Number of protein chains: 2
Amino acid sequence: MTQYANQQHILVAVDCIIFGFDGKDIKLLLIQRGFEPEKNKWSLMGGFLKPNEKLDEAANRVLKQLTGLEGVYLEQLQAFSDTDRDPEERTISIPYFALIDIQQYEKQINEAYHPEWYLLNKKPRLIFDHDDMVRLAQKHLRYKAALHPILFELLPPKFTIPQLQNLYEAVYDTIFDSRNFTRKLMSTGLLVKLNEKDKTGSKKGAFYYKLDKRKYKANMAAFLNFVPKAEKYI
Amino acid sequence: MTQYANQQHILVAVDCIIFGFDGKDIKLLLIQRGFEPEKNKWSLMGGFLKPNEKLDEAANRVLKQLTGLEGVYLEQLQAFSDTDRDPEERTISIPYFALIDIQQYEKQINEAYHPEWYLLNKKPRLIFDHDDMVRLAQKHLRYKAALHPILFELLPPKFTIPQLQNLYEAVYDTIFDSRNFTRKLMSTGLLVKLNEKDKTGSKKGAFYYKLDKRKYKANMAAFLNFVPKAEKYI
DNA sequence: ACAAAAGTGTTGGACATACACCCATGA
DNA sequence: TCATGGGTGTATGTCCAACACTTTTGT
């Protein structure tokens with residue numbers, strides 16, 4: 001059997017698919033690549049894995065570099081490893097899918113990468129296989145969000161029910177019945193009502209809510225069905 | 001921003017977590033590692049990524065090397081990238097989780113790796129972070145199987161309902177009501193009843209079924225709930 | 001005839017959906 | 001006062017879980 005010395009060493013990168021929500025649409029944060037090949041073309045934010053860091057650390061570093069944000073929701077997706085995916089040199093890339101509060105982002109200032117938010121269906125063509133990464137991330141977002149309460153990550157700490165419903169409607173590109181939506185949401189016990197209203201967008205105003213952090217952390221596994229009581233096993 | 005030449009190149013490996021089902025228990029196929037470090041210690045079957053292959057190809061190659069099987073159900077899990085996970089040299093590993101028909105395997109002969117099937121709770125301690133990989137794979141198996149009909153991959157082409165129920169009971173370490181189980185199963189329309197009975201294990205005999213391959217391929221996405229009609233979006 | 005596993009139906013409760021009106025307020 | 005979006009309740013049907021007895025046949 002083969003040993004270490006005979007093996008080829010290759011480049012490993014991470015790329016971040018960064019989602020945000022502007023109150024109406026889901027958006028994607030893209031940059032213009034700063035070096036060859038494909039310099040100045042639109043791209044996901046990425047970077048090479050460094051000798052002394054794990055992949056998760058690399059993804060966090062890259063994300064912070066662009067957005068200034070830390071502690072962001074990040075999830076590793078499946079590796080991309082086509083031998084010719086990067087024309088310069090063989091590189092495998094591990095995509096990370098990130099959900100950020102777009103308001104937090106806007107407060108940061110980093111123009112080094114010329115980043116821009118794009119609507120998913122209006123984004124430019126991206127370099128390499130980044131378009132495939134985006135498709136995978138979008139699919140994963142829908143999958144995961146149907147089962148787990150992750151979309152809160154896209155909202156500010158205080159948010160209203162109509163905002164949240166808009167978010168779900170944007171993700172699934174459909175319309176939800178607000179009475180049923182509210183009832184289900186409340187039944188999770190994840191929300192805490194505040195005494196404050198958001199008056200932008202309506203005269204009556206909508207109450208703000210915040211997450212019950214304790215329950216939220218504990219309930220990342222939730223909602224299912226085929227194996228009876230499947231949630232017990234996840 | 002950095003360029004390609006300045007980056008460190010590292011080793012990339014795949015490791016296979018191979019599950020089988022013997023009619024009663026879920027088992028794991030392990031090997032004794034053939035080279036240093038940790039030579040002769042128990043390990044997952046793995047191998048280094050080669051210059052001209054993708055990760056999926058590497059996993060299939062490694063799996064075939066050990067089992068002789070092709071076309072096996074394989075799924076990529078999250079990469080393991082701790083900087084010191086391999087004491088010899090930094091190596092990131094992409095684990096693949098495999099479901100094989102243990103009967104197909106038994107027909108193959110490959111003693112080069114001294115492979116053995118182990119019960120999950122009686123397996124030896126494995127090298128590096130392979131124990132973590134196994135835990136991750138087991139968790140993923142439960143998660144995935146609760147939502148998608150993947151456990152058929154562990155059974156031979158002809159199987160009985162009681163066999164299938166045993167399998168689910170083994171995976172979830174619980175007992176299912178056979179009436180409800182059968183009804184749900186039948187309602188999927190995935191099974192085709194054969195005119196043949198398995199008489200081992202009972203006097204009455206249990207009918208064999210096979211998968212409706214067409215429907216099976218089409219229904220890998222199925223069963224959910226929080227987003228109304230979530231299955232539409234997955 | 002009996003042992004051992006396979007096979008089959010019904011009922012009650014929970015939950016999901018569908019649906020329409022009143023409320024609060026700013027302009 | 002009216003226009004706008006926020007907020008709430010009920011009735012119906014579907015689906016799930018709980019539950020026990022009959023069938024088959026080898027010994």
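Because the structure is a prediction, the values reported are computed rather than measured. Throughout, a chain's letter reflects where its sequence line sits, starting with A, and its residues are numbered from 1.
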Rounded to whole Å, the CG-P distance (A:Leu185 to D:dG6) equals 14 Å
Given C:dA5, D:dA18, C:dA18, identify the nucleotide with an atom nearest to the side chain of B:Ser202. C:dA5
The single option from A:Asp56, A:Val62, A:Leu44 passing side-chain contact (heavy atoms from CB on, under 4.5 Å) against A:Tyr96: A:Asp56
Residue closer to the 5' end of DNA chain D, B:Asp177 versus A:Thr160 (nearest nucleotide): A:Thr160
Integer-rounded Å distance: C:dA16 P and A:Phe176 CZ: 14 Å
Ignoring hydrogens and angles, answer whether the base of D:dG7 and the side-chain atoms of A:Arg183 contain a donor-acceptor pair closer than 3.5 Å. no
Which of D:dT8, C:dG9, C:dC19 is nearest the side chain of A:Ser178? It is D:dT8
Mark yes or no for a side-chain to base donor-acceptor pair under 3.5 Å between A:Arg179 and D:dG7, with no hydrogen or angle criteria applied. no
Which is more 5' along DNA chain C, the nucleotide nearest B:Pro162 or the one nearest A:Lys204? Just name the residue. B:Pro162
Is the closest basic N to carboxylate O distance between A:Asp25 and A:Lys27 below 4.0 Å? no
Backbone of A:Asp101 reached by a side-chain donor or acceptor of A:Gln104 within 3.5 Å: no
Let's see if you can work this out: which of C:dT25, C:dG7, D:dA17 has an atom nearest to the side-chain heavy atoms of A:Lys203? C:dT25
B:Ile161 has an atom CD1; how far is it from atom P of D:dT23, in whole Å? 21 Å
Nearest whole angstrom, please: distance from the C1' of D:dG26 to the NZ of B:Lys197. 13 Å
A:Tyr172 to A:Ala146 - nearest heavy-atom pair and separation: OH-N, 2.8 Å
Figure out the CG/P separation between A:Asn180 and C:dC15, and round it to whole Å. 14 Å
To the nearest angstrom, how far is A:Tyr208 atom OH from D:dG7 atom P? 12 Å
Within this structure, what is the CD-to-P distance between B:Gln163 and C:dA5, rounded to whole angstrom? 15 Å
Hey, would you say the A:Phe159 and A:Tyr208 ring centroids sit under 6.0 Å apart? no
Atom NZ of A:Lys184 and atom C1' of C:dA16: how far apart are they, to the nearest Å? 7 Å
